[in-house]
2 protein chains.
Amino acid sequence: MRVRPWILSSFSILSSSCSRGVTIETYAQSLLDQIKERDGVVKARAYLDPEFVLEQARALDQVPHNERGPLHGIAIGIKDIMNTKDMPTQFGSPIYTGHQSRFDSSAVAILRHAGALMFGKATTTEFTVTNSGPNTTNTHDPNRTPGGSSCGSAAAVADFQVTLSVGAQTGGSVIRPASYTGVFAYKPTYNVVLLEGQETFAPTFDTFGFFARSIDDLQLLADVFAIKDDHPPKDIQSGDVSVALIHTPMWAQAGPSTVAAMEKAATILQNWGAHVEEVAFPAELSDADALRRIQKVITSFEAQKSFLREHRVDKERLTPEICGMVENAANYTNKEVAEASDTYARMRHVMNDLAKEYSVILTPSAVDEAPLGLGDMGSATFNTPWTGLPMPVINIPAFIGAHGMPVGVSLVAPQFHGQHLLRISKVLGGVLIAEGGWRI
Amino acid sequence: MRVRPWILSSFSILSSSCSRGVTIETYAQSLLDQIKERDGVVKARAYLDPEFVLEQARALDQVPHNERGPLHGIAIGIKDIMNTKDMPTQFGSPIYTGHQSRFDSSAVAILRHAGALMFGKATTTEFTVTNSGPNTTNTHDPNRTPGGSSCGSAAAVADFQVTLSVGAQTGGSVIRPASYTGVFAYKPTYNVVLLEGQETFAPTFDTFGFFARSIDDLQLLADVFAIKDDHPPKDIQSGDVSVALIHTPMWAQAGPSTVAAMEKAATILQNWGAHVEEVAFPAELSDADALRRIQKVITSFEAQKSFLREHRVDKERLTPEICGMVENAANYTNKEVAEASDTYARMRHVMNDLAKEYSVILTPSAVDEAPLGLGDMGSATFNTPWTGLPMPVINIPAFIGAHGMPVGVSLVAPQFHGQHLLRISKVLGGVLIAEGGWRI
């Protein structure tokens, strides 16, 4: 019988490798077996050297228990936009085929120091910008996209190929693929995890994020990255929980599965004893087109700078979409960029004040189930406001859509309330998943 | 007689190497001679391989004239916080002794593509954070500091060891050393030059910058980095120029040489025909202590993230000052960070509106002449507001202080008016330098 430690959470692996004699090598081998069996369909890998993984695993097995870090031996997939000293980093771009830095990104170094087992690189769309590209498929239906841009990171966790993975979100590149593939994901408050050593798209929005199959595993990563609130999070009692149900100005775009998921989530939480209250976006932010525009203006402006180097050095191999951004084909003005930044600054203040009046915000994670086909990775419209605001978000993979695919909902807290968000997501996530129907 | 192309500006070198038969190798050799003669005193080098420089120079000499970029053959010093594929990058830290990436930072790649001759790495304080460290001295008095953190970049240009150099500013790390060493420097609007591939200190403030011995040379670099205004800058006529004389809330800290320089600058410009008007900081920003505090709060908070990796992996070799930041020894709260960001956002709006009412702002570049000794690199108090706001600034090295050292003044424009700032600095800088007394 095949050994199945690949289905375990980090906690189980950590305790198994401590007490029950399951070696990290055995666990790593079981993941490699799973990948061998599955990756022909899922294609979540930008790079993997099985021999090197096993070598690392054996070395980790030799580390005395009292010298082990909080992620000792846990297999983690790294989005292929983060430099890794011992694996290529190719940014999903032909320009960087075979590119390998000699140094880890800041986040990778921190993960490695915590004992993580680096389990290859996960696919990304070209520079995280394009909305198609790698042929990575959705674990739950190979005819559907896993979402982007962190497609490989989400797919690999959903397919039990790794226990954890890391990615990044500029629009909806973490939360949306988590919703599409039915896993948990955490986008922390902007700027609380350093992006040094990884690709830049739009520095005003670029945010680190991570994927797991449980809130406990998200918690592990949050602690490794030293995410801290001003006050330790309080215990959650159902009678004290108030939920701001925010459909956002983009609600008209929601598909039937997202509409159903949001309704069901509100009902479940109400029945559980939470106070659920529909809350509108503040008036200044209630125009969906205007909201989308300010995101686009800033992103596109910053992309002009972020890809100037590739445009200068290797333009023929840069996708026309990015060339258009560098050349400012849309003719955005600096004036509009400055105004958009000012609007975001006001929004941030207003929305955080509003969020503080509730225990948590409940809002969509994606427009609908994962779209059919691999040519369109879906819309980030429900994610961009929270990326820009810049509040912490967790995807709860609780529901099943009209075609049997997972549909997540987002829980959102005020900025710098990331530990509180984990605590309340653990409780509310449990309630939603118990009744929502999706099983990881 | 020794050939002296090392004293030339980029423009002269570009035209010499095109038309007058001075090879890039000859020019490079003359700089190496200058360095050999001077660097025992100035110590501006974190790394230099003369043979490799000459090799590059000879290769550049072979490039046909019609294939040459805008910086072809111009010697440029790179602050030792920017990755260079062919030289070590050591961040002024013992942790990174011998550290070498296989890839250039974005800015270095753009400079290289433009034909620049990479002329070694220039010293920096430890991770640009500390206010002492390298034993780099001031060209004009080896008993005085050149200022930090871009000490080597400023000193090397001032000492004619390179024609151009690049650095970065989080508080006052470009403008202040330029003032101390008597060279021009340009800190563009925040985020218009990408920082990918270089060290992060405080992402909210970190800004690229560059040094030169003329405005024309700053202009060259600004164009290489594609700095653009919404409208092409207008010609400058003395009768139309209005100057906002802003002493800032920190004016009480100004030493006698800065007080004299500001007075002299105002008089010179007035006599030239400009309308010079004393303008106060907006009321909300008029408390010097509060202004300093918001800068400190954000910088220190972001340093917690920026140096978490080194703190985890190699704490014993991290200076206690940075350890204290990572450990949040000052007990700053997230709440205070959020409030500081909101204040900055309001300030940015108010100050840019105010700046738009004038042709340019005139404000101090430094507290006084460069301080005596190498243990204190001086105060950035006059620079931090403009770094955070985040407006473009040019140092004009026009004046001579009480001890014969250079004293600069800053010209400041609204954000995204970087080309306008170059144009007006060319005119006003010329006027100020003609009468100010300092000769580069």
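Sequence lines set the chain letters: A, B, ... in the order given, protein chains first and strands last, and positions in each chain run from 1.
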- Message: Applying side chain to side chain donor-acceptor pair (under 3.5 Å), can you list everything that pairs with Tyr344(B), at least two apart in sequence or on another chain?
- Response: Gln295(B)
- Donor-acceptor pair, Ser105(B) side chain versus Gly197(B) backbone, under 3.5 Å? no
- Query: Between Arg346(A) and chain B, which part of the residue has a heavy atom less than 4.5 Å away: side chain, backbone, both or neither?
  - Reply: neither
- Item | Most contacts with chain B, counted as non-hydrogen pairs under 4.5 angstrom, among Gln198(A), Lys305(A), Arg112(A), Gln304(A) | Lys305(A)
- Query: With respect to chain A, which residue among Leu194(B), Asp229(B), Asp104(B) yields the maximal number of heavy-atom pairs within a distance under 4.5 Å?
  - Reply: Leu194(B)
- Could you go through the side chain to side chain contact (heavy atoms under 4.5 Å, CB included) check for Ser306(A) and Glu199(A) one step at a time? CA-CA 9 Å; Ser306(A) 296; Glu199(A) 180 229 311; over 6 Å; no
- Sort Val108(A) into side chain, backbone, both or neither according to what part of it lies under 4.5 angstrom from a heavy atom of chain B. neither
- Region of Thr89(B) in contact with chain A, defined by heavy-atom distances below 4.5 Å: neither
- Query: Can you tell which of Lys335(B), Gln100(B), His417(B) has the highest number of heavy-atom pairs within less than 4.5 Å of chain A?
  - Reply: Gln100(B)
- Answer key: most heavy-atom pairs under 4.5 Å with chain B among Ala107(A), Ser101(A), Gly69(A) is Ser101(A)
- Query: Arg68(A) side chain to Val63(A) main-chain N or O, any donor-acceptor pair under 3.5 Å?
  - Reply: yes
- Message: Within the 3.5 Å criterion, strictly below it, is a donor on Gln219(B) or Gln419(B) matched to an acceptor on the partner's side chain?
- Response: yes
- Could you label the plane-to-plane angle of the Tyr186(A) and Phe210(A) rings as parallel, tilted or perpendicular, counting under 30° as parallel and over 60° as perpendicular? perpendicular
- Message: At a 4.5 Å cut-off on heavy atoms, which part of Thr189(A) comes close to chain B: side chain, backbone, both, or neither?
- Response: neither
- Message: Is Glu310(A) in contact with chain B via its backbone, its side chain, both, or neither, using a 4.5 Å heavy-atom distance?
- Response: neither
- Item | Residue selection (most heavy-atom pairs with chain A, distance under 4.5 Å) from Arg312(B), Lys85(B), Glu196(B) | Arg312(B)
- Part of Asn328(B) lying under 4.5 Å from any heavy atom of chain A: neither
- Task: Quick one: which of Leu195(A), Asp342(A), Asn352(A) has the most heavy-atom pairs under 4.5 Å with chain B, could you say?
- Result: Asp342(A)
- Donor-acceptor pair between Thr84(B) and Lys121(B) side chains, under 3.5 angstrom: yes
- Note on the structure: In terms of heavy-atom pairs under 4.5 Å with chain B, the winner among Glu339(A), Gln415(A), Arg348(A) is Arg348(A)
- Query: Is a donor on one side and an acceptor on the other found under 3.5 Å between the side chain of Asp206(B) and the backbone of Ala168(B)?
  - Reply: no
- Task: Under 4.5 Å heavy-atom distance to chain B, tell me which part of Asn83(A) shows up: side chain, backbone, both or neither.
- Result: neither
- Could you check whether the rings of Phe91(A) and His99(A) sit parallel, tilted or perpendicular, using 30° and 60° as the cut-offs? perpendicular
